[in-house]
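Notes for the one structure printed next.
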Amino acid sequence: MRWSQMFVPTLRDAPNDAVAASHRLLVRGGFIRQLHAGHYSMLPMGWRVHQKISQIVREEIDAIGGQEFLLPTMHPAEIWQQSGRWDTMGEIMFRLVDRKGNDNALGITHEEIFATVAAELSSYKQLPQLWYHIQTKFRDEARPKSGLLRVREFAMKDSYSFDVDWAGLDVQFDNHDRAYRRIFERIGVPSFGVEASSGAMGGNSSVEFMTPSDAGEDDVAMCPSCGYAANIEKATSHLAAVVDEPGPAVPERFATPGVRTIAALEAFAGGAAADRQLKTLVMVVDGTVTLVVVRGDHQLNIQKLIDATGAVQVRAGEPEEALAALGANPGSLGAVGVTHHPVIIDEALRGRTNMTTGANEDDWHLRGVDVDRDLRVTQWADLREVSAGEPCPTCQTPIDIVRCIEIGHIFKLGTGYAEKFGVTVLSPDGKQIPVVMGSYGIGVGRNMAASVEANHDDKGIIWPASIAPFEAVITLMRVDDESMAVGERLYDELRQARVDVLLDDRDARPGVKFADAELVGIPFRVTVGPKGLANGEVEVTERRTGQTTVVPLDDLAAHVAHLVAQAKS
RNA sequence: CGGGCUGUGGCGCAGUUUGGUUAGCGCGCUUGACUGGGGGUCAAGAGGUCGGGAGUUCGAAUCUCCCCAGCCCGACCA
């Protein structure tokens, strides 16, 4: 490919509304252009990278026995109704009505669709199976952002495993765990696995793969000592025991004029330290007004509440709802004596006594509250969000909270989908048994962006050779006949040596060409200029280090081919 | 969905407060010349419904109203 003929619209300035490094560089480098919020066009350079990532994913999934499919991205509503997710998915799913008046959905994921195909499985002898496709997903995200990192339309490799039993699923799950780590390694994205909430996917357990980045949207609790790592939606910590002083036999009401916050009650004479207060939150859980109680100095993690209740829709209650439910405004709420609403209470409050909480009357609180004695608890659950510095749950070293990009997610689904879609096989003893499923997803574009986040400097992108749009660029200092002839000769030789090479034959100044080559991140640059040509030499510069080596013309192809092979291994 | 911000040639911006010839500047683009190892210089050009609509006015990028889009924070998110 000749640069002069290729559409590579590099920009000197990034669009001012791009903030994330990957967003700025992918736009500046002419890889992507935005169509509208959350939808990006892949330009030729971008599509090359995208395809190389897809190919690596394909190779690694094939290596663990995957069979590639291509399933539709538009689905009839009935399939989603059959799994129940037509209703539970809510607004994330794009829906449209066809000319016959039928409801359709654009696929956000493909458990249902693969399951309908898998319904044809009939014998345990056919298992295990591992099926996948690389397909466009549509998700009507509330807030697309950061270029390719969160979009509404994107290519995802999603695979689905089918096994006779849980042991089989464990094998496929572990295979994916290893395959995913190899993929991230090959595309230059540092990764680690964390315990995660399974969210709307359902299933028993899941592992998310994360890469640390300020551009990410997930917080991960990590132990620097023992390696414990969990999404904040799932993380726990080892809490120091609090010793309560003995309290009264019944809670005491006391006046607290104007006190509306935990902090104010701490400061109030006769109040209580935050860790001796009960914080009562009014939440609406699938339409039911519910009291959620956590320790005064703790924060509720909503995903934990969703996981604990199995709810679809959870939101904070409005002040009017609190007033209607409890007769007081936020700031004076409490769960003592409440029997007409579910009360869900955080595990950290087990056995606590002599606590202070709102009295459900403005300007009044209760002290001497004994959790077991005075609250009618509907459900105990781990609800609190851990904070940095709290002791690791396994080794008690202070944990860190690290911002991360979620780059992959693997789920053990179990038999739920199989039962709903009749994916059963006959076992050796002739019984119909539901197939045990797993599902495994990795977004191509997001990983492309994640790789840029991990591989760039102030000059631009530094692609790993494995996914670079080109492995090498021949930069002609002059476009005179001699340079062009040498450039074309080297180009042919490199092609024959199976190097993916671009010939920068543009009639531009060297500075422009160097800057562009660095911006678009091609790993190796071959500089053809009059200085070297006088001695029958060219220069090879490595993008990552900037190191330049002088190489005789005749050795160039072999030299670069070797460098590329080394970089890709 | 709540809060904040922004829409002016392909990109980055000024002009809007205080309405007034033909809407400027840098980059990029075209042509030519000189150049040629880190975004060069000079000259001549092309390119704009000032996000959209309605209104006020002799006159609107500028004032008023409505709408739309994009970005950031939060909520939410397989």
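Side-chain atoms are counted along with the backbone in the values below, which use heavy atoms only and exclude waters and symmetry mates.
Base contact: A/Phe154 has a heavy atom under 4.0 Å from a base atom. Within the nucleic acid shown, A/Ile92 comes within 4.0 Å of sugar-phosphate atoms alone, with no base atom in reach, counting heavy atoms only. Among the atoms of the strands shown, only primed sugar atoms or phosphate atoms (P, OP1, OP2) are found under 4.0 Å from some heavy atom of A/Ala37. At the heavy-atom level, A/Arg315 lies nowhere under 4.0 Å from the strands shown. Counting any heavy atom pair closer than 4.0 Å across all strands shown, A/Ile410 reaches no nucleic acid atom. When heavy atoms are screened at a 4.0 angstrom cut-off, A/Lys145 is found touching the sugar-phosphate backbone but no base atom.
Of the residues A/Phe114, A/Phe411, A/Tyr132, the one that meets the ring-ring contact (aromatic ring centres under 6.0 Å, His included) test with A/Tyr160 is A/Phe114.
Look at NE2 on A/His36: it is 15 Å from C1' on B/C71, rounded to the nearest Å. In this structure, NE2 of A/His39 is placed 11 Å from P of B/C71, rounded to the nearest angstrom. A straight line from CD1 of A/Ile306 to C1' of B/C76 spans 9 Å, rounded to a whole angstrom. For the pair A/Arg85 CZ and B/C77 C1', the computed distance is 14 Å after rounding to whole Å. Following rounding to the nearest Å, A/Leu300 (CG) and B/C76 (C1') show an atom-to-atom distance of 14 Å. The distance between atom CG of A/Asp286 and atom C1' of B/C76, rounded to the nearest whole Å, is 15 Å. Rounded to a whole Å, the CD1 atom of A/Ile32 is 15 Å from the C1' atom of B/G70. B/G74 atom C1' lies 13 Å from atom CG of A/Asp219, rounded to whole Å.
Taking only side-chain nitrogens and oxygens, A/Arg33 never comes nearer than 4.0 Å to OP1 or OP2 of B/C11. At least one side-chain nitrogen or oxygen of A/Gln303 sits closer than 4.0 Å to the OP1 or OP2 atom of B/C77.
Between B/A69 and B/C58, the two C1' atoms lie 34 Å apart (nearest whole Å). B/U22 and B/U41 have their C1' atoms separated by 30 Å, with the value rounded to a whole Å. Comparing the same atom, C1', in B/C50 and in B/C13 gives a spacing of 14 Å after rounding to whole Å. Distance noted for atom P between B/G9 and B/G15: 15 Å (whole Å). Remark: the separation of the P atoms in B/U21 and B/A60 is 11 Å, to the nearest Å. Straight-line distance between the P atoms of B/G52 and B/C11: roughly 15 Å, to the nearest whole Å. Comparing the same atom, P, in B/C66 and in B/G20 gives a spacing of 25 Å after rounding to whole Å. For B/G4 and B/U49, the C1' atoms lie 29 Å apart once the distance is rounded to whole Å.
Summarising the local packing, CG of A/Asp214 is surrounded by 12 or fewer heavy atoms from other residues, nucleotides or ligands at distances under 6.0 Å. Under a cut-off of 6.0 angstrom, the local environment of CD in A/Glu91 is sparse, with at most 12 non-hydrogen atoms contributed by other residues, nucleotides or ligands. Around the CG atom of A/Asp481, the shell of radius 6.0 Å holds no more than 12 heavy atoms that belong to other residues, nucleotides or ligands.
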* **Sugar-phosphate or base contact per nucleotide [nucleotides 43-52 of chain B; S, B, -; heavy atom under 4.0 Å]** => ----------
* Scan nucleotides 25-40 of chain B nucleotide by nucleotide, 5' to 3', and note B when protein non-hydrogen atoms come under 4.0 Å of the base, S if they reach only the sugar-phosphate, - if neither. => -BSS------BBBBBB
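Nearest heavy atom pair, residue A/His50 against residue A/Gly445, reads NE2-N, 4.0 Å. Taking each heavy atom of A/Gly546 and A/Thr541 in turn, the nearest pair found is O-CG2, 3.7 Å.
Interface remark: the A/Arg143 side chain does not form any donor-acceptor pair with the B/C77 base, using a distance-only criterion of under 3.5 Å.
Ring planes of A/Tyr40 and A/His23: perpendicular class, angle over 60° (limits at 30 and 60°).
Inter-residue side-chain proximity for A/Arg2 and A/Tyr491 is flagged as unmet; no heavy-atom pair is nearer than 4.5 Å. When side chains are defined from C-beta on, A/Asp103 counts as touching A/Trp86, because their heavy atoms get closer than 4.5 Å. Residues A/Val282 and A/Val289 are in side-chain contact: their nearest non-hydrogen atoms beyond the backbone lie under 4.5 Å apart.
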* To do: Would you please test A/Asp457 and A/Arg543 for salt bridge (Lys or Arg N to Asp or Glu O under 4.0 Å) and show each step?
  => CA-CA 10 Å; A/Asp457 60 17; A/Arg543 172 67 180 91; 2.8 Å; yes
* To do: Could you go through the side-chain contact (heavy atoms from CB on, under 4.5 Å) check for A/Asp505 and A/Met484 one step at a time?
  => CA-CA 7 Å; A/Asp505 59 338; A/Met484 194 66 90; 4.1 Å; yes
* Quick one: do A/Leu11 and A/Asp13 satisfy side-chain contact (heavy atoms from CB on, under 4.5 Å)? Show the steps, please. => CA-CA 5 Å; A/Leu11 299 174; A/Asp13 303 301; 5.8 Å; no
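Residue A/Asp17 places its side chain closer to B/C71 than to any other of B/C77, B/C71, B/C76.
Relative to the six-membered ring of A/Phe209, A/Arg181 misses at least one condition, a distance below 6.0 Å or an angle of at most 45° to the axis.
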* Structure fact -> Encoded 5' to 3' (Watson-Crick or G-U under 3.5 Å; [ ] crossing; | other strand), RNA chain B becomes ((((((((.[[[[.)....(...]]]].((((((.....)))))).....[[[[[..)....]]]]])))))))....
